[in-house]
Peer 1: 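Dumping the structure here so I can ask a few things about it.
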Number of protein chains: 2
Amino acid sequence: MSMSKPVMKEILQRAKNILDEYLNDQNLRKTAERYSVLEELYYLPQDEHIDVETLFLRMRNKEYTISRATVYNSIDLLVECGLVVKHNFKDKNALYEPALTYEHHDHLVCNNCLKIKEFLDPSIEEIKKRVGKSVGSEIKHHSLVFYGDCTIENCENLKRKEVVSS
Amino acid sequence: MSMSKPVMKEILQRAKNILDEYLNDQNLRKTAERYSVLEELYYLPQDEHIDVETLFLRMRNKEYTISRATVYNSIDLLVECGLVVKHNFKDKNALYEPALTYEHHDHLVCNNCLKIKEFLDPSIEEIKKRVGKSVGSEIKHHSLVFYGDCTIENCENLKRKEVVSS
DNA sequence: GTTACTGCAAATAGTTTGCACCTAG
DNA sequence: CTAGGTGCAAACTATTTGCAGTAAC
């Protein structure tokens with residue numbers, strides 16, 4: 001709520017402008033709810049991803065009055081206009097994060113504590129180009145997720161059972 | 001049902017052996033259902049992925065008597081022992097494919113017709129190694145999905161609306 | 001004023017669970 | 001014989017939908 005680093009404010013402003021433009025172009029209405037959802041998502045600290053229900057409850061606990069349905073609708077719209085990214089990590093429900101906040105990055109999900117880390121390795125772009133050319137597709141987006149066991153000694157919250165498959 | 005190329009039979013046999021071993025190790029029972037689900041999945045042609053409901057219906061339409069719950073249970077078990085891979089493609093429900101059938105590959109989902117193509121680009125392995133080393137994680141699996149617009153002229157089934165985000 | 005958007009509650013879809021019965025070991 | 005597994009139906013969870021009321025333009 002008060003965690004507004006200058007950098008963030010600037011990025012949020014950019015995001016709002018893009019949303020303005022998109023709503024204008026598509027003849028959609030500039031409702032308070034759409035901007036609140038955008039703002040709330042852009043206030044997420046780096047490495048944090050949020051699901052609809054949590055976002056809804058978080059907003060309800062603040063000054064906002066918003067319904068679950070509207071959170072779903074707004075967030076979909078934000079994904080459509082490219083301001084928010086949706087992730088479908090294995091065995092989790094959909095998680096969202098702001099798209100403009102940081103450079104493009106991919107994700108590493110810890111098999112043990114289920115925490116999500118972000119990483120960036122530019123050579124994925126080369127693979128995209130190579131594959132796109134070879135199969136005749138103009139690749140627009142990608143999703144790259146690694147699943148690994150962290151090498152941290154006593155990874156605090158081992159939510160998975162010990163049953164390892166081999 | 002009768003599409004049993006020699007290669008496939010051989011791979012299926014390998015899969016069955018692995019399942020045998022796994023069930024032995026874990027003191028689980030060798031039920032007919034578990035083997036039927038395995039078989040049915042291994043009969044899928046390349047590039048085809050199947051969801052639980054379709055698999056269930058398909059089995060019901062054959063000689064099998066199996067319940068939905070058992071399909072869910074068995075398929076989970078097959079994923080755990082590494083014989084089947086589960087995918088969570090964007091906006092689709094969980095899809096499964098045999099793990100032993102072909103070399104490891106990744107997927108390209110067409111934004112227009114939603115078809116799934118498979119591709120293989122070995123340099124993803126280098127990224128895995130590099131990232132794993134840098135963040136201190138032993139990366140076990142990965143999921144790489146590209147989303148692109150095919151450059152085929154009149155891609156037959158345009159299921160998506162034309163609304164493009166920019 | 002008109003029409004899109006919102007909130008609510010009911011509906012849906014995919015998956016999980018509880019429990020009586022069955023069967024592999 | 002006796003757990004573990006199966007089938008069925010009911011429960012649950014995430015998301016979508018229908019509709020009456022509200023507000024953006």
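Every chain is numbered from 1, with letters handed out A, B, ... down the list of sequences. Please read these numbers as outputs of a predicted model, since none were measured by experiment.
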Peer 1: Is any side-chain N or O of B:Arg29 under 3.5 Å from a base N or O of D:dG4, one able to act as donor and the other as acceptor?
Peer 2: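 Answer is yes: a donor-acceptor pair is held.
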
Peer 1: State whether A:Thr70 places a side-chain N or O below 4.0 Å from either non-bridging phosphate oxygen (OP1 or OP2) of C:dC5.
Peer 2: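 Looking at the OP1 and OP2 atoms of C:dC5, neither is under 4.0 Å from any side-chain N or O of A:Thr70.
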
Peer 1: Given D:dT6, C:dC5, C:dC8, identify the nucleotide with an atom nearest to the side chain of A:Arg60.
Peer 2: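 Between D:dT6, C:dC5, C:dC8, the one nearest the side chain of A:Arg60 would be C:dC8.
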
Peer 1: Could you state the OH-P distance from B:Tyr64 to D:dT6, rounded to the nearest angstrom?
Peer 2: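 In whole Å, D:dT6 P and B:Tyr64 OH are 15 Å from each other.
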
Peer 1: Nearest whole angstrom, please: distance from the P of D:dA14 to the NZ of A:Lys92.
Peer 2: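 My rounded result for the distance is 14 Å.
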
Peer 1: Do NZ/NE/NH1/NH2 and the carboxylate oxygens of A:Glu48 and A:Arg58 come within less than 4.0 Å?
Peer 2: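 Yes, charged N to carboxylate O under 4.0 Å.
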
Peer 1: Using a strict threshold of under 4.0 Å (side-chain N to carboxylate O), is an ion pair present between B:Lys62 and B:Glu40?
Peer 2: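 Between B:Lys62 and B:Glu40 there is a salt bridge, with a charged N closer than 4.0 Å to a carboxylate O.
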
Peer 1: For C:dA4, take OP1 and OP2 only and decide whether either is under 4.0 Å from a side-chain N or O of A:Thr31.
Peer 2: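 It does not, given that no N or O in the side chain of A:Thr31 lies less than 4.0 Å from OP1 or OP2 of C:dA4.
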
Peer 1: Provide, to the nearest angstrom, the distance between the NZ atom belonging to B:Lys30 and the C1' atom belonging to D:dA3.
Peer 2: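 Going from NZ in B:Lys30 over to C1' in D:dA3 covers 16 Å.
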
Peer 1: Could you give the CD-to-C1' distance, from B:Gln26 to D:dG5, as a whole number of Å?
Peer 2: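 After rounding, the reported distance stands at 16 Å.
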
Peer 1: Once rounded to the nearest 0.5 Å, what's the spacing between atom OG1 of B:Thr65 and atom CD of B:Glu33?
Peer 2: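 Here the rounded value is 7.0 Å.
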
Peer 1: When you check the phosphate oxygens OP1 and OP2 of C:dG7, does a side-chain N or O of A:Arg68 lie under 4.0 Å from one of them?
Peer 2: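 Answer no for this pair, as no side-chain N or O of A:Arg68 is under 4.0 Å from OP1 or OP2.
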
Peer 1: Separation of B:Asp51 atom CG from C:dT15 atom C1', in whole Å?
Peer 2: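 Atom-to-atom, B:Asp51 to C:dT15, this comes out as 12 Å.
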
Peer 1: 5'-most contact on DNA chain C: B:Ala69 or A:Asn73, nearest heavy atom basis?
Peer 2: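 Here A:Asn73 is the residue nearer the 5' end.
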
Peer 1: Verify whether the ring centers belonging to B:His104 and B:His142 lie closer than 6.0 Å.
Peer 2: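 Centroid separation for B:His104 and B:His142: below 6.0 Å.
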
Peer 1: If the cut-off is 4.0 Å, is B:Tyr72 near the phosphate of C:dT16, judged by side-chain N/O to OP1 or OP2?
Peer 2: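 So the side chain of B:Tyr72 is outside the cut-off, no N or O lying under 4.0 Å from OP1 or OP2 of C:dT16.
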
Peer 1: Using a strict threshold of under 4.0 Å (side-chain N to carboxylate O), is an ion pair present between A:Asp20 and A:Lys30?
Peer 2: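 A:Asp20 and A:Lys30: not salt-bridged.
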
Peer 1: What nucleotide, of D:dT15, C:dG7, D:dG7, holds the atom closest to the side chain of A:Glu33?
Peer 2: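 The nucleotide sitting nearest to the side chain is C:dG7.
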
Peer 1: Rounding to a whole Å, what distance do you find between B:Asn93:CG and C:dT12:C1'?
Peer 2: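 Distance, rounded to whole Å: 13 Å.
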
Peer 1: Between A:His87 (NE2) and D:dA14 (P), how many Å, whole number?
Peer 2: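 It works out to 19 Å between those atoms.
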
Peer 1: Between C:dC8, D:dC25, D:dG5, which one does the side chain of A:Ser67 approach most closely?
Peer 2: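 Given the options C:dC8, D:dC25, D:dG5, the side chain of A:Ser67 is closest to C:dC8.
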
Peer 1: Whole-Å distance between D:dG4 C1' and B:Asn24 CG?
Peer 2: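 Rounded to the whole Å, the gap is 15 Å.
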
